[in-house]
Student: 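Before we start, here is the structure in question, set down as structure tokens.
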Amino acid sequence: MDFKDKTVLITGGSSGIGKTTALLFAQNGADVVITFKKNEAGAKETTNEMEKLGVKTLAIQADLVFDDQAKDMVEKTVGKFGKLDIVVNNAGGYIEGDEWNGNVDIWTESIKQNLVSVMSVSKYAAEIFLKQKSGVFINIASRHGVDGQYDSISYAASKSGVINVTQAYAKLLIPFGRANVISPSTVWAGYWLTAPKEEIDEKLAQKKNHQFIKSETIAQKVLFLASDEAKDINGENFVILE
């Protein structure tokens, strides 16, 4: 797949799925902008690796639950590269204590981090896409956005919202753009990298193949959906299981 002359924006690109996806786009010729909230060292490492591949890159610190920071991020991207071709809404995560009988403040923060951030980024990116009459969204949700989860209830609800928002933008961008979503089961990234061993073992025991999904698997799916090979795919949710 050739992404030369394409500008890609990936939220949460300092580690995990975001970093792996950024590097894969860069390996295929794209100029890549990543965002990070706190992990400046990880973001610098990612941009350094991409620069070695001969592409242009930029790292932007932003807390995307704030509308003005989402707007500023999109403006900086277009200001440097002159356009925006592909947006991967990847930033977000699980907040400990997110149970069915949990704390309303945790629920609210979870919805903000995982859904409001996607809506804010998409709003400003879509303005660019409509002006250009081109653009692609690939959003990262979760299998639990489809089937629900009582011990991560607001996380699951927020990811269900991401699926719905993606389908809304798929309709908005017809006939020149598209939006699709990937809903993986448990990925070896984020929370699970530092989770207690007992919790990891328990999760693995529940899985058919007794393994987590690799970030590389998700990144490959993202690139396919962003490519011309997927130009007729719009508004779809791809559930990735173990």
Student: For Tyr155, does its backbone N or O pair with a side-chain atom of Ser158 as donor and acceptor, under 3.5 Å?
Tutor: yes
Student: For the pair Ser120 (side chain) and Val116 (backbone), establish whether a donor and an acceptor sit closer than 3.5 Å, ignoring hydrogens and angles.
Tutor: yes
Student: Is there a donor-acceptor contact under 3.5 Å from the side chain of Asn90 to the main chain of Thr11?
Tutor: yes
Student: As an exercise, state the distance from OG of Ser183 to CZ of Arg143, rounded to the nearest 0.5 Å.
Tutor: 11.0 Å
Student: Judged by atom type as modelled, is there a donor-acceptor pair below 3.5 Å linking the side chain of Gln149 to the main-chain atoms of Asp151?
Tutor: no
Student: Report the distance from atom CG of Asn164 to atom CE of Met119, rounding to the nearest 0.5 Å.
Tutor: 9.0 Å
Student: Only counting residues at least two apart or in another chain, list the ones meeting salt bridge (Lys or Arg N to Asp or Glu O under 4.0 Å) with Asp85.
Tutor: Lys83
Student: Measuring from Ile218:CD1 to Thr20:OG1, what's the distance to the nearest 0.5 Å?
Tutor: 10.0 Å
Student: What are the two closest heavy atoms between Asn28 and Met1, and how far apart are they?
Tutor: OD1-O, 2.6 Å
Student: Indicate the atoms forming the closest heavy-atom contact of Asn234 with Ala179, along with that distance.
Tutor: OD1-N, 2.8 Å
Student: Please tell me if the side chains of Asp147 and His144 come closer than 4.5 Å, counting only heavy atoms from C-beta onward.
Tutor: yes
Student: To the nearest 0.5 Å, what is the distance between CG on Leu130 and CG on Leu173?
Tutor: 6.0 Å
Student: So Val239 and Val146, side-chain contact (heavy atoms from CB on, under 4.5 Å) or not? Walk me through it.
Tutor: CA-CA 9 Å; Val239 178; Val146 178; 4.1 Å; yes
Student: Return each pair, listed once, that meets ring-ring contact (aromatic ring centres under 6.0 Å, His included) where at least one residue sits in residues 102-133; pairs must be two or more places apart or across chains.
Tutor: Phe129-Phe137
Student: Closest heavy-atom contact between Tyr94 and Glu99?
Tutor: OH-OE2, 4.4 Å
Student: Can you check whether Asp63's main-chain N or O pairs, donor with acceptor, with Gln69's side chain at less than 3.5 Å?
Tutor: yes
Student: Only pairs at least two apart or in different chains count here, so list each salt bridge (charged side-chain N to carboxylate O under 4.0 Å, His left out) that has a residue in residues 3-23.
Tutor: Lys19-Glu45, Lys19-Glu49
Student: Report the residues that fulfil side-chain hydrogen bond (donor to acceptor under 3.5 Å, both in side chains) with Glu109, sequence neighbours left out, ordered by chain and then residue number.
Tutor: Gln113
Student: Could you state the interatomic distance from CG (Asn89) to OG (Ser117), rounded to the nearest 0.5 Å?
Tutor: 7.0 Å
Student: Closest approach of Ile138 and Ala226, non-hydrogen atoms and distance?
Tutor: CD1-CB, 3.6 Å
Student: How many angstroms lie between atom CD1 of Ile10 and atom OG1 of Thr57, to the nearest 0.5 angstrom?
Tutor: 9.0 Å
Student: Tell me, with the steps shown, if Asn180 and Ile233 meet side-chain contact (heavy atoms from CB on, under 4.5 Å).
Tutor: CA-CA 8 Å; Asn180 292 289; Ile233 301 174; 3.6 Å; yes
Student: Quick check against the 3.5 Å criterion: does Asn139 have a side-chain atom that pairs as donor or acceptor with the backbone of Val181?
Tutor: no
Student: Apply the test side-chain contact (heavy atoms from CB on, under 4.5 Å) to residues Ile60 and Leu58: give CA-CA distance (whole Å), side-chain angles for both, the deciding distance (0.1 Å), then the verdict.
Tutor: CA-CA 7 Å; Ile60 300 173; Leu58 176 67; 3.8 Å; yes
Student: If only atom types and distance count, is the side chain of Arg178 paired as donor or acceptor with the main-chain N or O of Lys171 below 3.5 Å?
Tutor: no
Student: Please tabulate, for the side chains in residues 31-43, all donor-acceptor contacts under 3.5 angstrom to protein atoms that are two or more places apart in sequence or on a different chain.
Tutor:
residue	atom	partner	partner atom	Å
Asp31	OD1	Lys56	N	2.9
Thr35	OG1	Gly12	N	3.0
Asn39	OD1	Gly42	N	2.8

Student: Taking all heavy atoms of Ala141 and all of Val162, pick out the closest pair and write down the distance.
Tutor: CB-CG1, 4.1 Å
Student: Ignoring hydrogens, what is the shortest heavy-atom contact between Ile95 and Ile106? Give both atom names and the distance.
Tutor: CG2-CG2, 3.9 Å
Student: Check the pair Asp98, Ser152 against side-chain hydrogen bond (donor to acceptor under 3.5 Å, both in side chains), reporting the backbone distance first and the verdict last.
Tutor: CA-CA 5 Å; Asp98 177 22; Ser152 55; 5.1 Å; no
Student: Please test Asn114 against Val118 for side-chain contact (heavy atoms from CB on, under 4.5 Å), starting from the C-alpha separation and ending with a verdict.
Tutor: CA-CA 7 Å; Asn114 292 297; Val118 171; over 6 Å; no
Student: With sequence neighbours left out, which residue pairs that include part of residues 114-131 fulfil the salt bridge (charged side-chain N to carboxylate O under 4.0 Å, His left out) condition?
Tutor: Asp67-Lys123
Student: Quick one: does Lys159's side chain get under 4.5 Å of Ile163's, heavy atoms only?
Tutor: no
